[in-house]
Amino acid sequence: MDKFWGTNKKYKEEFGVVRMSKKQSYYLQNDLIILLLMFIGVSLLAIYNAEQMPQNAGENYVLKQVVWFSIGICIVAAIQYFELDQLYKASIFTYGIGVLVLIVLLISPESIAAEVRGTKSWFTFPGLSLQPAEFTKITTILFLAAAISHHKNKYDKATVKTDIFLLVKIGLITAIPVAFIMMQPDFGTSMVYVFIAGMMVLLSGIDWKILVGLMGLVSVIAAGLLMLVIQFPDLAQDVIGIELYQVNRILTWFDPTQQTSNDTWQFDLSMLAIGSGQLFGKGLGGLQVVNLPDAHTDFIFSIIGESFGFIGGAAVVLLYFLMLYRLVTLGLNSYHNSSFGSFICFGYMSLLLIHAFQNIGMTIGVMPITGIPLLLISYGGSSVLSTMIGFGLVYRVAVENTIKNDYLFK
């Protein structure tokens, strides 16, 4: 270095300052930071409005959400101390812990794991409730990314045999947590896992002939199960293992005109709230559709629609599009540096996509009603913390991709 710069101290100091500023800039992924801050802002505004409803009187969900996001940001910062290689090695252990916690939940006594609405999905402690399945989504994505990356590195040249082997591995990794979640039972959350696995299969480079056959098989099975629920709802409860209220939700989605007002009241109130918002909404504190159930969690998009109208709802959809677009481009750009990091991005993208599509879809009648939150916006400790853990992982991918690209062109 001295031969290049000579003995001029000024140039050495300037060079040192440049290198230091670049190292600091690696951890400032401005686009991801701005997107996250925008989501937090939308979340707090929407939850504040949901607090104005009579059933939420006396609650301070905004303050609690600020606490959850603050803890989540600390977790994001902590994850940056781990390199992707370390996360790759730890993925099997985090996956195992996630599955183990699901098992512990099922065998736990009612005092700490009580049934809520017919499902045993939560650990309940004084002042705190946690849903393990939310965190296991992230550990499953991490292990799926590791498994696919390992397979790609081991088999440079893909064949039908290796593709089927990869398909089996993805299926087994996904089936284990899904099996325990179905025992709770939580059909909606299980389908999130299946969707994530399906997206990972599509993006893993498996031969299109295998994919076409697989998609055909999945379509036939899904259509068969749907017809079973519609035509023989009592039998569907025994065969699929879903509850009566879940059957009613599917029937309401398929043909709401044939259901009673008791079965469609959530859907009716949601549609009324969104429709009454018209183009610009009623503003903060202007809600008129009261008694909307779970307004701060499952039906937060209905609050956004009534408060900020079509413009506000469209802005939220655009915000999700920008985040999903960033995750896709990050996954594609980082593949040559780390296939493991690339598939973390694809898995997290799949998680946000299915939650946004399902949650927004159910509020406007496109999808059946489920208890799936609108990630990064809905109130909830488990959903916020698990989503922030996933965000921290993709943020680390962005940091390492920036570092490697920077050194590549020096």
For residues 273-283, please give each side-chain donor-acceptor pair under 3.5 Å, one per line with the distance, not counting sequence neighbours.
{"unit_1": "Ser276", "atom_1": "OG", "unit_2": "Leu272", "atom_2": "O", "d": "3.0"}
{"unit_1": "Ser276", "atom_1": "OG", "unit_2": "Ala273", "atom_2": "O", "d": "2.9"}
{"unit_1": "Ser276", "atom_1": "OG", "unit_2": "Lys282", "atom_2": "NZ", "d": "3.0"}
{"unit_1": "Lys282", "atom_1": "NZ", "unit_2": "Gln288", "atom_2": "OE1", "d": "3.2"}
{"unit_1": "Lys282", "atom_1": "NZ", "unit_2": "Glu306", "atom_2": "OE2", "d": "2.8"}

Review item, side-chain donor-acceptor pairs of residues 142-149, under 3.5 Å, at least two apart:
{"unit_1": "Ser149", "atom_1": "OG", "unit_2": "Ser339", "atom_2": "OG", "d": "2.7"}
{"unit_1": "Ser149", "atom_1": "OG", "unit_2": "Phe340", "atom_2": "N", "d": "3.4"}

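Within 6.0 Å of OH on Tyr61 lie more than 12 heavy atoms contributed by other residues, nucleotides or ligands. Around the OH atom of Tyr81, the shell of radius 6.0 Å holds no more than 12 heavy atoms that belong to other residues, nucleotides or ligands.
Leu351 CG to Phe391 CZ: the interatomic distance, rounded to the nearest 0.5 Å, is 13.5 Å. Separation of atoms SG (Cys74) and CD1 (Ile79) is listed at 11.5 Å; rounding is to 0.5 Å. To the nearest 0.5 Å, atom CG of residue Leu353 and atom CE of residue Met323 are 13.5 Å apart.
Screening residues 316-328 for side-chain hydrogen bond (donor to acceptor under 3.5 Å, both in side chains) gives Asp31-Arg326 as the qualifying pairs, with residues at least two apart or on separate chains.
Listed by chain and number, the residues in a ring pair (Phe, Tyr, Trp, His ring centres under 6.0 Å) with Phe310 amount to none (sequence neighbours excluded). Partners of Leu106 under the side-chain contact (heavy atoms from CB on, under 4.5 Å) rule, at least two apart in sequence or in another chain, are Phe180, Met183, Gln184. Residues forming a side chain to side chain donor-acceptor pair (under 3.5 Å) with Thr370 (at least two apart in sequence, or on another chain): Gln358. Residues passing the side-chain contact (heavy atoms from CB on, under 4.5 Å) test with Thr297 are Asp294, Tyr379, sequence neighbours excluded. Looking at residues two or more places apart in sequence or on another chain, you find no salt bridge (Lys or Arg N to Asp or Glu O under 4.0 Å) involving Lys89. With sequence neighbours left out, His355 forms a side chain to side chain donor-acceptor pair (under 3.5 Å) with Lys137. Partners of Ile73 by side-chain contact (heavy atoms from CB on, under 4.5 Å), not counting sequence neighbours, listed by chain and number: Ile40, Met388. By the salt bridge (Lys or Arg N to Asp or Glu O under 4.0 Å) test, Glu115 pairs with no residue at all, sequence neighbours left out. Residues meeting the side-chain contact (heavy atoms from CB on, under 4.5 Å) test with Ser350, sequence neighbours left out: Phe195, Ile196, Met199.
Taking the centre and axis of the six-membered ring of Phe165, the NZ or CZ atom of Lys169 falls inside the cone set by 45° and 6.0 Å.
No side-chain heavy atom of Trp68 sits under 4.5 Å from any side-chain heavy atom of Ser383.
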